[in-house]
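Read the structure below first, then the notes.
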Amino acid sequence: MRTKYIFVTGGVTSSLGKGIIASSLGKLLQSRGLSVTIQKLDPYINVDPDTLNPYEHGECYVTVDGAVTDLDLGHYERFLGEELTQANNVTTGRIYQSVINKERKGDFLGKTVQVIPHITDEIKHHVKILGNTKKYDVVITEIGGTVGDIESLPYIEAMRQLRWEMGTKNCLCIHLTYVPYIAAAHELKTKPTQHSVKFLLQSGVQPDILVLRTEHTLSDNVKKKVALFCNVDKDAVVECIDAPTIYEVPLLMHEEGLDNIVLQKLGISDADEPDLDQWKDFLSKYKNPTTNVNIAVVGKYVELPDAYKSILESFIHAGAANECKVKVSLIQAEHVNHENAKEKLDGFDGILVPGGFGDRGIEGKIEAVRFARENDIPFFGICLGMQCAVIEFARNVLGYSDAHSTEFAPTTTHKVVDLMESQKHITGMGGTMRLGAYPCQIKNNTLAFQIYGREIIQERHRHRYEFNNDFLKEFEENGMLASGLNPDSNLVEIVEIPSKKFFIAVQFHPELQSSVLKPHPLFKAFIKAANDFKK
Ligand code: GLN
């Protein structure tokens, strides 16, 4: 079968959940025996989100091959259970960078380089890269932003051209819009949808399927009206009502017939019936917990939970695996200090310190580690969280009161966390950290080994600083063990305190490898430990 392409665009407003619709459709098609991948086109000019503050677009996701990407790739991976790569996320910055590099090389010698055709050709090339691998029956491409945005115009034009080239049987457009409910009039309003479809039409694209986000059930009449005014088949107007969890959306979309209409429009008649048993099993465990735990996440971007998206989702996966409801409280690290740590953190069954950059809130995170360690509360540190655990141990157990990371105290005498050798000569900012998957060798008879059940693991990274091995012997003699090391460079990847019930911290980001059907072992073990602690 030749690869089929599906574009997902959004209208009316942002935050409608295009990523969840793309992921849910991907999951449904995958459950029907098709091989699927999902790609995101981001209209911003950053080459990748690596230099963005998480307050801008939420967390930066990292793929195995070290691409720093939009957080939607996290949804795609968690739904599909497949590893994606740099090819799955393209930004305007990357497109322009590539076109400008070609221009400098003389590839367009003599020609004026323009948005059409040069930028649009480059976009089309990046969409087709995935299909050209011949690995996928279906490539779903989500176009970021909202139609009508100036910056997404070249993407809409590239989609129009691809549909014209391939035919709409091979290249669908699904448009996601919003149907607001006006309480005073007791009415659902379709006008914003009509306008947004009109905008697509002006750009030469007649959407094939409309997915309507709504807080209230849409009557048949509303669907008919949308179908008529927007020039789509009535069956192709799909309701997407608010769901209690994003993981329910694939089932809702199947009930609404989204996968069937897609298959029909793509002319795929031999797909299996969807096999969603494992997915349903996960949902049933998630919805029927037998216990619950309270977890504190002490970080500095807490006002925007999307900054911790993958961690929050990992808790959902791990909670379901433990049949346990995980209630997460995001605590502003800046507000935690030595005096109030007990008041802020007492009563939690587990404390997690996540990754981060810059010194805001750092002392609060270190206090949170101290509170967890001294009270033997299950503790889980991730990336900067591990670095804080190391600093705390050096200060309060080894007695080095000035111990710090050189990220925050470049001249301190006890540099227990220091810039990696490989980072010392790097001056550029984007995409220059230690990124992507690296192996880690786990020592026998450690908590880490008990959790992973194997010696060699691969986990994803995004950092510049590392545990300073000059101090390793002293740490180990005093009770903090490096239970996981990179086999090639000896970088410390996991530390633990064996005398505690559950105290583990990792330099990598396990939250980037947790999916619905494969919850991450560290998160699973942490929730189990929190549950045991509670008892
Ligand atoms: N800022 C730290 C470093 O660069 C930690 C990074 C992180 O938590 N992702 O090493």
Side-chain angles (χ1 to χ4, degrees), residues 48-64 66-69 71 74 297-302 304 306-312 314 330 333-334 351-366 368-369 379-392 394 403-410 412 415-438 440 459-469 471 482 484 486 489 491-495 504-513 522:
D48 61 33
D50 202 24
T51 56
L52 288 177
N53 187 312
Y55 285 127
E56 295 280 310
H57 296 278
E59 80 176 358
C60 288
Y61 196 75
V62 182
T63 55
V64 270
V68 182
T69 74
L71 60 68
V297 172
V298 184
K300 74 173 193 184
Y301 310 112
V302 295
L304 183 77
D306 268 4
Y308 300 112
K309 192 77 205 166
S310 292
I311 289 180
L312 300 177
S314 299
L330 297 174
E334 269 185 300
I351 295 176
L352 183 148
V353 176
F357 296 85
D359 63 1
R360 183 169 65 87
I362 199 79
E363 292 303 322
K365 293 177 192 174
I366 294 170
V369 181
F379 173 78
F380 187 8
I382 294 180
C383 207
L384 182 61
M386 177 186 113
Q387 298 173 358
C388 288
V390 166
I391 297 165
E392 193 280 328
H404 222 320
S405 161
T406 50
E407 180 176 3
F408 315 116
T412 185
K415 302 171 169 146
V416 290
V417 175
D418 201 0
L419 199 58
M420 281 181 278
E421 204 45 50
S422 56
Q423 287 285 328
K424 289 195 174 146
H425 308 290
I426 291 176
T427 49
M429 287 298 273
T432 58
M433 282 186 251
R434 180 176 182 236
L435 291 169
Y438 284 91
C440 164
E459 292 278 4
R460 300 184 201 176
H461 298 71
R462 181 169 180 250
H463 65 119
R464 291 187 204 280
Y465 293 81
E466 61 163 322
F467 180 93
N468 181 349
N469 275 328
F471 290 91
N486 178 290
S489 61
L491 281 189
V492 172
E493 297 281 12
I494 311 178
V495 298
I504 194 161
V506 296
Q507 186 57 73
F508 47 79
H509 289 273
E511 73 275 22
L512 305 178
Q513 299 206 125
L522 278 167

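Note that ligands are numbered from 1 as they come in the structure, with each ligand's atoms numbered from 1 the same way.
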- Item | Presence of salt bridge, E334 and K300, under 4.0 angstrom | no
- So, Q513 versus E459: side-chain donor-acceptor pair below 3.5 Å or not? yes
- Minimum side-chain heavy-atom gap V417-E407 below 4.5 Å: no
- Message: Closer than 4.0 angstrom, basic N to acidic O: yes or no for E493 and R434?
- Response: yes
- Message: I'd like to check P354 versus V297 (side-chain heavy atoms, cut-off strictly below 4.5 Å). Are they in contact?
- Response: yes
- Using 30° and 60° as the class limits, which term best fits the ring planes of Y301 and Y308: parallel, tilted or perpendicular? tilted
- Less than 4.0 Å from some atom of ligand 1, heavy atoms are found in residues G355, G356, F357, C383, L384, Q387, E407, R462, H463, R464, Y465, H509
